[in-house]
Amino acid sequence: MSARLVLTRAGARSLLQDTGFRGGRGTGVPAAGALDRDALYLLNRLLGNAPDAAAIEAALMPPALRAEGGAVRLALGPGLAGQVSGDNPRPVGAWTAFTLHPGETLALKLDPGCPVALIGIGGAIALPRALGSHATLARAGLGPFGRALGDGDAIPLEAAATDPGDTTFAAPPSPATGPIRAVPGPQAEWFTEDAMATFFGTDYTVGAETDRMGMRLEGPKLAHSERGADIVSDGIAPGAVQVPGSGQPIVLLADAQTTGGYPKIATVIGADLPRLARLAPGDSLRFEAVTVEQAEDAARARRAELDRIAQAIVPANAGRIDPRALWRANLAGQAVDALCPDHFAAHPEPEDRP
Amino acid sequence: MELLAARPLADRAVTFELATEVGAEAAARVGAAQARLSALLEAGELPGALELSRAFCAITLHYDPLEGRQAGLVARVRAALEDTEPAAATGGRLWRLPCLYEGEDLDDLSTRLGMARDEITARHAATEHLVHAIGFLPGLPFMGGLPDGFSVPRRETPRTRVPQGSVAIANGLTVIYPFESPGGWHILGRCPVPLFDAARDAPALLSAGDRVRFAPVDRPEFDRLAAAHAAGTADPETYAEAAT
């Protein structure tokens, strides 16, 4: 039996996601796909995957994973910390690619305040695609599983992985700060000048009713102009900020419907969409107005920055003992256990965790 | 035709506004523009363009900002539309979809519209509905052409769960919910035909430009059809007739 990644525990909401469905918007299918596309891109580069390969997007409570039938190469995105148990127990940190060997189990923990995170999967996933994608849109039953992953689900791989050792980026990305950039419109004229000034000048708080379709924001009410709070439904892209009659904005995200009938005051630029994925209810944010040209320049600058990061992949355990190498050399035997924290829930992280 | 406005969705997409009022005239403009822009996209003449989505009065073009600039795309689209004439939909298919006219809101609609239940359902079934756009949910058709006297706004309190297959009206339009969903439209009946199936080559059954007539069925027939579709023994394509 070929290698497969088994979810021994599915977690709260684990979804197979990639860069999303293609060519479906004309029939009401949103792109869906991973919320944090920057992390997906970097994890796939770290794993040597195609840039649009699928990962597991975990939320709130991440899954527990096991390799069966062969080794599976994995990489943890920002916000995740893991502990491998088995013959060679070891911690694995964010931005680290490593090989999970048959019989080994990976327990994962999300950093407090981190709503979602990605687990990259190395190699080709042996599952059919829909609309050119392995993404999941549960409400339409779309995706290889057509739903969130469940206990015992297995993701089959075309081939078992090798173990080139743990790798990471020499300079992983640091979290961006500053306001979230957005382009006014498509329906800026549906709002008063005061509403525009408020939207681009006031702190908003992420509301509890936030999911993959949209992020509700709480803050000063935004007044519609004499045109009112209804438009003839038109197209939506992730990042569009719709404002219904209540005056409280909703930022539409990856799973949002493809058309909508509320005026959209602004649209978050593509380069800043991944930052929204890392915001949790209660976090605050502020918007800054930019032009379409500035948004396009930011997209290109971001891709160049990610490519620079991806060019420098280094061993993850540089400067410290590699327990697996010792184990293989049969020098340390069971003493290996002493080098690694094996009950990570209470154990402090190693200081050199990348 | 004139491009009324190009409305940016940041660096992801741009919406081309082609009409201001929902109706057959808008559908003709949007349909012709979509045909023209699809051809340009297929021919690779819209650098960076990924896909088009159609609404009642506008078309949204999604693009990759790493591959093309919005300003260039808008200029090309504006020029292409200048020599594109509105055209009533041609080539769309005519569908005769079964409908069990026993919707939750028939009594309420009877009061609101001042029309007997039987008259509402008979007139709705006698109407040819034009699919203006597919949207909101995968495969959900927004259809125009409701008879006079059917004007009703959305329900003041939307339902949190509208059952799959519900045929519902509001704002002069009819929709069929392909999936259970929250929704604020008035439910006339239920259609047992799956409108979206990811396993099909074209997952959405209906397309913008298609026409739909509802064929009233009784409860036993509805149950029989629903079971056949659930079992995969009925082919939804059989409800389509050649364009007339």
Side-chain angles (χ1 to χ4, degrees), chain A residues 21-31 128 130-131 137 139-143 146 181-189 230-240 252 257-261 264 266-273 290-300 302-304, chain B residues 5-17 19-22 26 34 38 48 50-62 64-66 68-71 74 133-142 154 171 178-181 195-199 202-208:
Chain A
F21 302 110
R22 286 170 212 156
R25 289 179 178 98
T27 55
V29 182
L131 293 166
L137 184 68
R139 71 173 189 276
L142 270 176
R181 292 164 290 178
V183 177
Q187 278 95 27
E189 312 96 290
D230 276 313
I231 59 166
V232 176
S233 285
D234 72 354
I236 282 171
L252 298 167
Q257 67 275 22
T258 52
T259 58
K264 296 169 280 292
T267 308
V268 174
I269 71 170
D272 284 354
L273 276 177
V290 296
T291 64
V292 168
E293 291 73 23
Q294 287 170 324
E296 290 169 344
D297 290 344
R300 291 163 188 221
R302 173 63 50 80
R303 178 52 65 88
Chain B
R7 303 182 176 278
L9 285 145
D11 58 333
R12 302 290 113 168
V14 52
T15 292
F16 299 110
E17 195 176 307
T20 51
E21 219 168 292
V22 180
Q34 187 191 29
S38 296
L50 298 173
E51 58 189 278
L52 296 162
S53 76
R54 174 178 173 172
F56 303 102
C57 297
I59 288 176
T60 297
L61 173 67
H62 297 262
D64 179 351
L66 304 178
R69 293 262 182 188
Q70 191 172 130
V74 171
I134 307 287
F136 182 69
L137 284 171
L140 181 146
F142 286 98
R154 282 178 291 199
N171 299 334
F179 303 96
E180 182 185 283
S181 157
L195 295 184
F196 190 91
D197 180 352
L205 190 66
L206 306 180
S207 300

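The analysis underlying the following values was restricted to heavy atoms, covering all of them including side chains, and did not include hydrogens, waters or symmetry mates.
At a 4.5 Å heavy-atom cutoff, A/Pro128 makes no contact with chain B through either its backbone or its side chain. Interface remark: A/Val290 contributes no atoms to any contact with chain B (heavy atom separation under 4.5 Å). Of the two parts of B/Thr60, only the side chain, counted from C-beta on, holds a non-hydrogen atom closer than 4.5 Å to a non-hydrogen atom of chain A. Contact of A/Ile236 with chain B is made through the backbone alone, with heavy-atom distances under 4.5 Å. Of the atoms belonging to B/Leu66, heavy atoms from both backbone and side chain fall under 4.5 Å from chain A. In this structure, chain A has a heavy atom under 4.5 Å from the side chain of B/Phe179, while its backbone stays farther away. Of the atoms belonging to A/Asp272, not a single heavy atom falls under 4.5 Å from chain B. Residue B/Thr20 touches chain A through its backbone alone, counting heavy-atom pairs closer than 4.5 Å.
In terms of heavy-atom pairs under 4.5 Å with chain B, the best-connected choice from A/Ile231, A/Thr291, A/Leu142 is A/Leu142. Ranked by heavy-atom pairs shorter than 4.5 Å toward chain B, the options A/Gly185, A/Ala140, A/Ala271 are led by A/Ala140.
A donor-acceptor distance shorter than 3.5 angstrom exists from the side chain of B/Asp11 to the backbone of A/Gly270, with no hydrogens or angles considered. With hydrogens and angles disregarded, no donor-acceptor distance shorter than 3.5 Å links the side chain of B/Glu51 to the backbone of A/Gly26. Checked by atom type and distance alone, the side chain of B/Gln70 never pairs as donor or acceptor with a backbone atom of A/Val292 at under 3.5 Å.
In this structure A/Arg303 satisfies the side chain to side chain donor-acceptor pair (under 3.5 Å) test with no other residue, sequence neighbours excluded. By the side chain to side chain donor-acceptor pair (under 3.5 Å) test, A/Asp234 is found to be paired with A/Gln187, A/Lys264, residues two or more places apart in sequence or in another chain being considered.
Here the straight-line distance linking atom CG of B/Leu137 with atom CZ of A/Arg139 works out to 6.0 Å at 0.5 Å rounding.
Nearest heavy-atom pair across B/Arg12 and A/Ala299 is NH2-CB, 4.1 Å.
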